[in-house]
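One structure is given here, and the rest of the page talks about it.
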Protein chains: 2
Amino acid sequence: MLGYLTVSPSTTDSRLLALAQSFRTTLRHAVYLSRSMDSDGELTTMQMSTLSMAAEEPLRVSRVAANLGVRVPSATEQIIKLEQAGLVIRRPDPTDSRAVLVQLTGPGRDAWTAASTRRNERVAALLDQLDDDERATLAAALPVIEKLTSTA
Amino acid sequence: MLGYLTVSPSTTDSRLLALAQSFRTTLRHAVYLSRSMDSDGELTTMQMSTLSMAAEEPLRVSRVAANLGVRVPSATEQIIKLEQAGLVIRRPDPTDSRAVLVQLTGPGRDAWTAASTRRNERVAALLDQLDDDERATLAAALPVIEKLTSTA
DNA sequence: GGTAAATGTTAGGCTACCTAACTGTGAGCC
DNA sequence: GGCTCACAGTTAGGTAGCCTAACATTTACC
(Lines give C-alpha, C1' and ligand atoms only; values in the text may rest on other atoms or scores of the structure.)
Protein backbone atom coordinates (compact mmCIF):
# COMPACT_ATOMS: atom_id res chain seq x y z
CA MET A 1 0.00 0.00 0.00
CA LEU A 2 2.90 2.30 0.61
CA GLY A 3 4.83 1.09 -2.36
CA TYR A 4 4.39 4.16 -4.46
CA LEU A 5 5.98 6.27 -1.79
CA THR A 6 9.33 4.73 -2.40
CA VAL A 7 9.58 6.28 -5.84
CA SER A 8 10.67 9.50 -4.21
CA PRO A 9 14.20 9.17 -2.90
CA SER A 10 12.83 10.23 0.42
CA THR A 11 14.88 12.53 2.53
CA THR A 12 12.48 11.52 5.25
CA ASP A 13 12.47 8.42 7.42
CA SER A 14 10.08 5.85 6.01
CA ARG A 15 8.61 4.99 9.40
CA LEU A 16 7.79 8.64 9.80
CA LEU A 17 6.09 8.61 6.42
CA ALA A 18 4.08 5.55 7.35
CA LEU A 19 2.88 7.20 10.54
CA ALA A 20 2.16 10.34 8.58
CA GLN A 21 -0.04 8.42 6.20
CA SER A 22 -2.00 6.79 9.02
CA PHE A 23 -2.28 10.06 10.81
CA ARG A 24 -3.57 11.77 7.72
CA THR A 25 -6.22 9.13 7.22
CA THR A 26 -7.35 9.36 10.81
CA LEU A 27 -7.31 13.11 10.56
CA ARG A 28 -9.65 12.96 7.59
CA HIS A 29 -12.04 10.72 9.47
CA ALA A 30 -11.80 12.97 12.50
CA VAL A 31 -12.83 15.93 10.40
CA TYR A 32 -15.86 13.98 9.34
CA LEU A 33 -16.60 13.10 12.96
CA SER A 34 -16.22 16.70 13.99
CA ARG A 35 -18.67 17.81 11.38
CA SER A 36 -21.27 15.27 12.40
CA MET A 37 -20.86 16.17 16.08
CA ASP A 38 -21.26 19.83 15.30
CA SER A 39 -24.32 19.66 13.14
CA ASP A 40 -26.69 20.99 15.72
CA GLY A 41 -28.55 23.01 13.19
CA GLU A 42 -28.25 25.94 15.54
CA LEU A 43 -24.70 27.15 15.66
CA THR A 44 -21.92 26.36 13.23
CA THR A 45 -18.49 25.32 14.41
CA MET A 46 -17.14 28.72 13.48
CA GLN A 47 -19.85 30.47 15.43
CA MET A 48 -19.17 28.24 18.41
CA SER A 49 -15.49 29.09 18.25
CA THR A 50 -16.22 32.78 17.98
CA LEU A 51 -18.55 32.74 20.96
CA SER A 52 -16.05 30.64 22.86
CA MET A 53 -13.33 33.22 22.31
CA ALA A 54 -15.58 36.13 23.16
CA ALA A 55 -16.70 34.29 26.29
CA GLU A 56 -13.25 34.77 27.78
CA GLU A 57 -12.98 38.43 27.00
CA PRO A 58 -13.99 40.90 24.27
CA LEU A 59 -11.66 40.64 21.31
CA ARG A 60 -11.01 42.29 17.98
CA VAL A 61 -12.39 41.23 14.65
CA SER A 62 -8.88 40.63 13.37
CA ARG A 63 -8.16 38.25 16.22
CA VAL A 64 -11.35 36.37 15.58
CA ALA A 65 -10.31 36.04 11.95
CA ALA A 66 -6.83 34.84 12.88
CA ASN A 67 -8.17 32.28 15.33
CA LEU A 68 -10.73 30.98 12.87
CA GLY A 69 -8.15 30.85 10.12
CA VAL A 70 -10.11 33.09 7.79
CA ARG A 71 -9.66 36.61 6.37
CA VAL A 72 -10.98 39.62 8.15
CA PRO A 73 -13.94 40.24 5.82
CA SER A 74 -15.16 36.69 6.39
CA ALA A 75 -14.97 37.17 10.12
CA THR A 76 -16.85 40.45 9.84
CA GLU A 77 -19.59 38.67 7.94
CA GLN A 78 -20.00 35.98 10.58
CA ILE A 79 -19.82 38.42 13.45
CA ILE A 80 -22.53 40.55 11.91
CA LYS A 81 -24.77 37.50 11.74
CA LEU A 82 -24.08 36.72 15.37
CA GLU A 83 -24.89 40.32 16.19
CA GLN A 84 -28.16 40.16 14.28
CA ALA A 85 -28.99 37.03 16.26
CA GLY A 86 -28.35 39.01 19.43
CA LEU A 87 -25.52 36.79 20.60
CA VAL A 88 -22.73 39.38 20.47
CA ILE A 89 -22.39 43.12 20.24
CA ARG A 90 -19.77 45.11 18.41
CA ARG A 91 -18.39 48.18 20.09
CA PRO A 92 -15.43 50.42 19.35
CA ASP A 93 -12.22 49.64 21.16
CA PRO A 94 -11.66 52.52 23.60
CA THR A 95 -7.91 52.25 23.14
CA ASP A 96 -7.99 52.29 19.32
CA SER A 97 -10.85 53.83 17.40
CA ARG A 98 -10.07 51.80 14.33
CA ALA A 99 -10.67 48.54 16.10
CA VAL A 100 -13.96 46.87 16.97
CA LEU A 101 -14.43 44.68 20.00
CA VAL A 102 -16.68 41.67 19.80
CA GLN A 103 -18.39 41.07 23.10
CA LEU A 104 -20.71 38.29 24.25
CA THR A 105 -24.25 39.18 25.30
CA GLY A 106 -26.21 37.34 27.98
CA PRO A 107 -28.22 35.37 25.43
CA GLY A 108 -24.97 34.72 23.59
CA ARG A 109 -23.44 33.16 26.67
CA ASP A 110 -26.54 31.08 27.27
CA ALA A 111 -26.64 29.85 23.69
CA TRP A 112 -22.98 28.95 23.74
CA THR A 113 -23.24 27.13 27.07
CA ALA A 114 -26.24 25.17 25.92
CA ALA A 115 -24.73 24.20 22.59
CA SER A 116 -21.42 23.33 24.17
CA THR A 117 -23.07 21.13 26.78
CA ARG A 118 -25.10 19.32 24.16
CA ARG A 119 -22.02 18.62 22.08
CA ASN A 120 -20.01 17.46 25.04
CA GLU A 121 -22.74 15.03 25.94
CA ARG A 122 -22.89 13.73 22.42
CA VAL A 123 -19.13 13.17 22.36
CA ALA A 124 -19.24 11.70 25.87
CA ALA A 125 -21.78 9.15 24.67
CA LEU A 126 -19.33 8.19 21.97
CA LEU A 127 -16.43 7.95 24.41
CA ASP A 128 -18.61 5.77 26.62
CA GLN A 129 -18.23 3.03 24.03
CA LEU A 130 -14.52 2.83 24.73
CA ASP A 131 -12.98 0.85 27.54
CA ASP A 132 -10.78 2.47 30.18
CA ASP A 133 -7.53 1.60 28.42
CA GLU A 134 -8.69 3.10 25.18
CA ARG A 135 -9.83 6.25 26.90
CA ALA A 136 -6.48 6.54 28.65
CA THR A 137 -4.68 6.09 25.34
CA LEU A 138 -6.82 8.76 23.76
CA ALA A 139 -6.38 11.16 26.65
CA ALA A 140 -2.61 10.73 26.52
CA ALA A 141 -2.54 11.53 22.81
CA LEU A 142 -4.53 14.74 23.00
CA PRO A 143 -1.60 16.87 24.22
CA VAL A 144 0.58 15.39 21.49
CA ILE A 145 -1.92 16.35 18.82
CA GLU A 146 -2.20 19.79 20.37
CA LYS A 147 1.55 20.13 20.10
CA LEU A 148 1.35 19.29 16.42
CA THR A 149 -1.43 21.75 15.75
CA SER A 150 0.31 24.54 17.55
CA THR A 151 3.57 24.17 15.66
CA ALA A 152 1.90 23.80 12.27
CA MET B 1 -13.25 26.29 33.18
CA LEU B 2 -15.72 23.43 33.32
CA GLY B 3 -17.86 25.03 35.95
CA TYR B 4 -20.76 25.84 33.71
CA LEU B 5 -21.16 22.22 32.82
CA THR B 6 -22.38 21.38 36.27
CA VAL B 7 -25.58 23.32 35.76
CA SER B 8 -26.98 20.37 33.83
CA PRO B 9 -27.81 17.52 36.22
CA SER B 10 -25.72 15.33 33.99
CA THR B 11 -26.85 11.83 33.34
CA THR B 12 -23.32 11.32 32.10
CA ASP B 13 -20.16 10.69 34.06
CA SER B 14 -18.37 13.98 34.62
CA ARG B 15 -14.95 12.53 33.83
CA LEU B 16 -16.36 11.45 30.51
CA LEU B 17 -17.64 14.94 29.94
CA ALA B 18 -14.29 16.44 30.78
CA LEU B 19 -12.55 14.16 28.31
CA ALA B 20 -15.23 14.95 25.77
CA GLN B 21 -14.55 18.63 26.15
CA SER B 22 -10.81 18.20 25.68
CA PHE B 23 -11.37 15.88 22.78
CA ARG B 24 -13.69 18.35 21.11
CA THR B 25 -11.14 21.13 21.46
CA THR B 26 -8.38 18.99 20.02
CA LEU B 27 -10.71 17.88 17.27
CA ARG B 28 -11.34 21.48 16.32
CA HIS B 29 -7.63 22.20 16.18
CA ALA B 30 -7.09 19.02 14.18
CA VAL B 31 -9.59 20.20 11.62
CA TYR B 32 -7.59 23.34 11.28
CA LEU B 33 -4.39 21.34 10.93
CA SER B 34 -5.97 19.13 8.34
CA ARG B 35 -7.01 22.11 6.30
CA SER B 36 -3.57 23.67 6.38
CA MET B 37 -1.94 20.35 5.42
CA ASP B 38 -4.35 19.94 2.54
CA SER B 39 -4.06 23.38 1.02
CA ASP B 40 -1.94 22.33 -1.89
CA GLY B 41 -3.80 24.57 -4.23
CA GLU B 42 -4.10 21.62 -6.57
CA LEU B 43 -6.51 19.10 -5.17
CA THR B 44 -9.05 19.63 -2.44
CA THR B 45 -9.45 17.17 0.39
CA MET B 46 -12.67 15.94 -1.14
CA GLN B 47 -11.03 15.40 -4.49
CA MET B 48 -8.18 13.56 -2.81
CA SER B 49 -10.65 11.29 -1.03
CA THR B 50 -12.54 10.64 -4.23
CA LEU B 51 -9.40 9.72 -6.14
CA SER B 52 -8.27 7.61 -3.22
CA MET B 53 -11.48 5.60 -3.32
CA ALA B 54 -11.42 5.23 -7.08
CA ALA B 55 -7.79 4.15 -6.88
CA GLU B 56 -8.86 0.92 -5.22
CA GLU B 57 -11.59 0.09 -7.69
CA PRO B 58 -14.24 1.87 -9.77
CA LEU B 59 -17.18 2.86 -7.65
CA ARG B 60 -20.60 4.42 -8.00
CA VAL B 61 -21.43 8.05 -7.61
CA SER B 62 -23.73 7.25 -4.72
CA ARG B 63 -20.90 5.53 -2.87
CA VAL B 64 -18.62 8.47 -3.42
CA ALA B 65 -21.32 10.71 -1.98
CA ALA B 66 -21.81 8.46 1.02
CA ASN B 67 -18.10 8.26 1.73
CA LEU B 68 -17.65 11.99 1.42
CA GLY B 69 -20.68 12.66 3.58
CA VAL B 70 -22.44 14.75 0.96
CA ARG B 71 -25.55 14.37 -1.18
CA VAL B 72 -25.44 12.73 -4.55
CA PRO B 73 -25.78 15.93 -6.61
CA SER B 74 -22.79 17.41 -4.82
CA ALA B 75 -20.75 14.33 -5.60
CA THR B 76 -21.83 14.46 -9.24
CA GLU B 77 -20.66 18.03 -9.41
CA GLN B 78 -17.22 17.24 -8.04
CA ILE B 79 -16.82 14.13 -10.14
CA ILE B 80 -17.65 16.05 -13.29
CA LYS B 81 -14.90 18.50 -12.44
CA LEU B 82 -12.45 15.67 -11.92
CA GLU B 83 -13.54 14.26 -15.25
CA GLN B 84 -13.02 17.59 -16.97
CA ALA B 85 -9.55 17.67 -15.45
CA GLY B 86 -8.92 14.25 -16.98
CA LEU B 87 -8.37 12.55 -13.64
CA VAL B 88 -11.34 10.17 -13.77
CA ILE B 89 -13.77 8.87 -16.32
CA ARG B 90 -17.42 8.08 -15.86
CA ARG B 91 -18.78 4.96 -17.52
CA PRO B 92 -22.05 3.08 -17.16
CA ASP B 93 -22.07 0.16 -14.77
CA PRO B 94 -22.38 -2.96 -16.96
CA THR B 95 -24.45 -4.67 -14.29
CA ASP B 96 -26.89 -1.79 -13.86
CA SER B 97 -27.47 0.76 -16.58
CA ARG B 98 -28.76 3.31 -14.11
CA ALA B 99 -25.50 3.47 -12.25
CA VAL B 100 -22.33 5.27 -13.21
CA LEU B 101 -18.89 4.01 -12.30
CA VAL B 102 -16.16 6.46 -11.45
CA GLN B 103 -12.82 5.16 -12.59
CA LEU B 104 -9.33 6.57 -12.17
CA THR B 105 -7.33 7.47 -15.28
CA GLY B 106 -3.57 7.22 -15.55
CA PRO B 107 -3.07 10.93 -14.99
CA GLY B 108 -5.54 10.71 -12.14
CA ARG B 109 -3.47 8.07 -10.45
CA ASP B 110 -0.31 10.10 -10.98
CA ALA B 111 -1.89 13.26 -9.63
CA TRP B 112 -3.20 11.45 -6.60
CA THR B 113 0.11 9.74 -5.88
CA ALA B 114 2.02 12.98 -6.20
CA ALA B 115 -0.36 14.95 -3.99
CA SER B 116 -0.52 12.19 -1.42
CA THR B 117 3.25 11.92 -1.26
CA ARG B 118 3.63 15.64 -0.83
CA ARG B 119 1.13 15.70 1.99
CA ASN B 120 2.68 12.74 3.70
CA GLU B 121 6.01 14.45 3.62
CA ARG B 122 4.56 17.62 5.01
CA VAL B 123 2.94 15.72 7.88
CA ALA B 124 6.09 13.67 8.40
CA ALA B 125 8.06 16.88 8.83
CA LEU B 126 5.60 17.84 11.52
CA LEU B 127 5.85 14.46 13.24
CA ASP B 128 9.60 14.79 13.15
CA GLN B 129 9.30 17.46 15.80
CA LEU B 130 7.96 14.91 18.26
CA ASP B 131 10.13 12.61 20.32
CA ASP B 132 9.80 8.82 20.16
CA ASP B 133 7.50 8.60 23.15
CA GLU B 134 5.15 11.15 21.75
CA ARG B 135 5.05 9.42 18.40
CA ALA B 136 4.31 6.12 20.12
CA THR B 137 1.52 7.72 22.09
CA LEU B 138 0.08 9.18 18.93
CA ALA B 139 0.36 5.95 16.99
CA ALA B 140 -1.41 4.07 19.78
CA ALA B 141 -4.29 6.52 19.76
CA LEU B 142 -4.99 6.41 16.05
CA PRO B 143 -6.89 3.09 16.17
CA VAL B 144 -8.92 4.41 19.08
CA ILE B 145 -9.93 7.49 17.14
CA GLU B 146 -10.73 5.32 14.15
CA LYS B 147 -13.01 3.27 16.37
CA LEU B 148 -14.82 6.44 17.41
CA THR B 149 -15.25 7.66 13.88
CA SER B 150 -16.53 4.36 12.64
CA THR B 151 -19.21 4.05 15.29
CA ALA B 152 -20.35 7.65 14.98
C1' DG C 1 1.77 67.71 9.27
C1' DG C 2 2.22 64.38 5.68
C1' DT C 3 2.93 59.78 4.35
C1' DA C 4 2.53 54.99 5.41
C1' DA C 5 0.52 51.29 8.00
C1' DA C 6 -3.26 49.21 10.33
C1' DT C 7 -8.42 48.05 11.22
C1' DG C 8 -12.77 47.16 9.45
C1' DT C 9 -16.43 47.36 6.09
C1' DT C 10 -18.45 47.04 1.52
C1' DA C 11 -18.79 45.14 -3.13
C1' DG C 12 -18.45 41.49 -6.27
C1' DG C 13 -17.38 36.90 -7.40
C1' DC C 14 -16.38 31.94 -6.71
C1' DT C 15 -17.22 27.30 -4.93
C1' DA C 16 -19.39 23.76 -2.50
C1' DC C 17 -23.26 22.45 -0.59
C1' DC C 18 -28.34 21.82 -0.42
C1' DT C 19 -33.44 20.60 -2.04
C1' DA C 20 -36.66 19.81 -5.72
C1' DA C 21 -37.75 18.33 -10.11
C1' DC C 22 -36.58 15.47 -13.92
C1' DT C 23 -34.86 11.31 -16.98
C1' DG C 24 -33.98 6.78 -17.46
C1' DT C 25 -33.55 1.94 -15.71
C1' DG C 26 -34.62 -2.09 -12.73
C1' DA C 27 -37.90 -4.98 -9.98
C1' DG C 28 -42.19 -6.74 -8.49
C1' DC C 29 -46.77 -7.92 -9.65
C1' DC C 30 -50.77 -8.93 -11.85
C1' DG D 1 -46.41 -7.93 -21.64
C1' DG D 2 -47.56 -3.90 -19.21
C1' DC D 3 -48.12 -1.09 -14.68
C1' DT D 4 -46.35 0.75 -10.92
C1' DC D 5 -42.95 1.90 -7.86
C1' DA D 6 -38.26 2.26 -6.32
C1' DC D 7 -33.57 3.49 -7.46
C1' DA D 8 -29.32 6.07 -9.72
C1' DG D 9 -27.89 10.24 -11.57
C1' DT D 10 -28.33 14.71 -13.55
C1' DT D 11 -30.04 19.39 -13.95
C1' DA D 12 -31.81 23.72 -12.07
C1' DG D 13 -32.02 27.11 -8.71
C1' DG D 14 -30.82 28.88 -4.38
C1' DT D 15 -27.88 29.59 -0.04
C1' DA D 16 -23.78 30.17 2.81
C1' DG D 17 -19.03 30.88 3.45
C1' DC D 18 -14.92 32.14 1.71
C1' DC D 19 -11.94 35.08 -1.11
C1' DT D 20 -9.69 39.58 -3.26
C1' DA D 21 -9.99 44.43 -4.26
C1' DA D 22 -11.31 48.88 -3.15
C1' DC D 23 -12.68 52.04 0.30
C1' DA D 24 -13.01 55.07 4.87
C1' DT D 25 -11.10 55.90 9.12
C1' DT D 26 -7.61 56.06 12.58
C1' DT D 27 -2.94 55.53 14.22
C1' DA D 28 2.17 55.65 13.87
C1' DC D 29 6.30 57.48 12.29
C1' DC D 30 9.43 60.72 10.50
Side-chain angles (χ1 to χ4, degrees), chain A residues 28 31-51 53-54 57-85 87-103, chain B residues 28 31-51 53-54 57-85 87-103:
Chain A
R28 192 173 65 240
V31 169
Y32 188 78
L33 173 65
S34 176
R35 266 199 295 181
S36 74
M37 288 294 110
D38 277 357
S39 59
D40 258 318
E42 324 160 37
L43 292 173
T44 67
T45 306
M46 303 290 268
Q47 288 174 331
M48 285 289 292
S49 301
T50 304
L51 295 181
M53 288 182 271
E57 64 174 346
L59 77 171
R60 296 184 173 189
V61 172
S62 51
R63 289 209 48 204
V64 172
N67 283 322
L68 292 180
V70 299
R71 304 290 175 187
V72 171
S74 306
T76 295
E77 198 174 355
Q78 295 307 316
I79 290 166
I80 288 177
K81 288 190 181 174
L82 287 174
E83 188 174 38
Q84 287 169 345
L87 303 182
V88 303
I89 56 174
R90 287 188 299 166
R91 60 183 179 84
D93 186 337
T95 72
D96 185 341
S97 306
R98 294 172 302 181
V100 169
L101 290 180
V102 180
Q103 187 170 4
Chain B
R28 190 172 66 240
V31 170
Y32 187 78
L33 173 64
S34 177
R35 265 198 295 182
S36 74
M37 288 294 112
D38 278 357
S39 59
D40 258 319
E42 325 159 39
L43 292 173
T44 66
T45 306
M46 304 291 265
Q47 289 174 331
M48 286 289 291
S49 301
T50 304
L51 295 181
M53 288 182 271
E57 64 174 345
L59 77 171
R60 297 185 171 188
V61 172
S62 51
R63 290 207 48 202
V64 172
N67 283 323
L68 293 179
V70 300
R71 302 292 174 185
V72 171
S74 307
T76 295
E77 199 174 354
Q78 295 307 314
I79 290 167
I80 287 177
K81 288 191 180 172
L82 287 174
E83 188 175 38
Q84 288 169 346
L87 304 182
V88 303
I89 56 172
R90 288 187 300 167
R91 61 182 178 83
D93 185 338
T95 73
D96 185 342
S97 307
R98 295 172 300 181
V100 169
L101 290 181
V102 180
Q103 188 171 4

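Excluded from the calculations below are hydrogen atoms, water molecules and symmetry mates; all remaining heavy atoms, backbone and side chain alike, are included. Chain letters run A, B, ... following the sequence lines, proteins first and then strands; every chain starts at 1.
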For B:R60 against B:T95, the heavy-atom pair lying closest together: NH2-OG1, 4.4 Å
Distance test, side-chain N/O of B:T76 to OP1/OP2 of D:dG9, below 4.0 Å: no
Non-neighbouring partners of B:R35 that pass salt bridge (charged side-chain N to carboxylate O under 4.0 Å, His left out), sequence neighbours left out: none
A:P58: partners by side-chain contact (heavy atoms from CB on, under 4.5 Å), with sequence neighbours left out: A:R91, A:L101, A:Q103
Side-chain touch B:V102/B:E83, heavy atoms, less than 4.5 angstrom: no
Name every donor-acceptor pair, under 3.5 Å, that has one atom in a side chain of residues 66-79 of chain B and the other anywhere in the protein, sequence neighbours excluded.
unit_1, atom_1, unit_2, atom_2, d
B:N67, ND2, B:R63, O, 3.1
B:T76, OG1, B:V72, O, 3.2

Nucleic acid footprint by protein, nucleotides 13-23 of chain D - heavy-atom cut-off 4.0 Å, B for base, S for sugar-phosphate alone: ---SBBBBB--
Residue-level proximity of residues 88-99 of chain B to DNA chain C when a heavy atom falls under 4.0 Å: B:D96, B:S97, B:R98
Full working for side-chain contact (heavy atoms from CB on, under 4.5 Å) between A:K81 and A:L87: CA-CA 9 Å; A:K81 288 190 181 174; A:L87 303 182; over 6 Å; no
Heavy-atom side-chain proximity of A:T50 to A:V88 below 4.5 angstrom: no
Side chains of B:T45 and A:V31 in contact at under 4.5 Å (non-hydrogen atoms): no
Residues from residues 60-68 of chain B lying under 4.0 Å of DNA chain C - heavy atoms: none
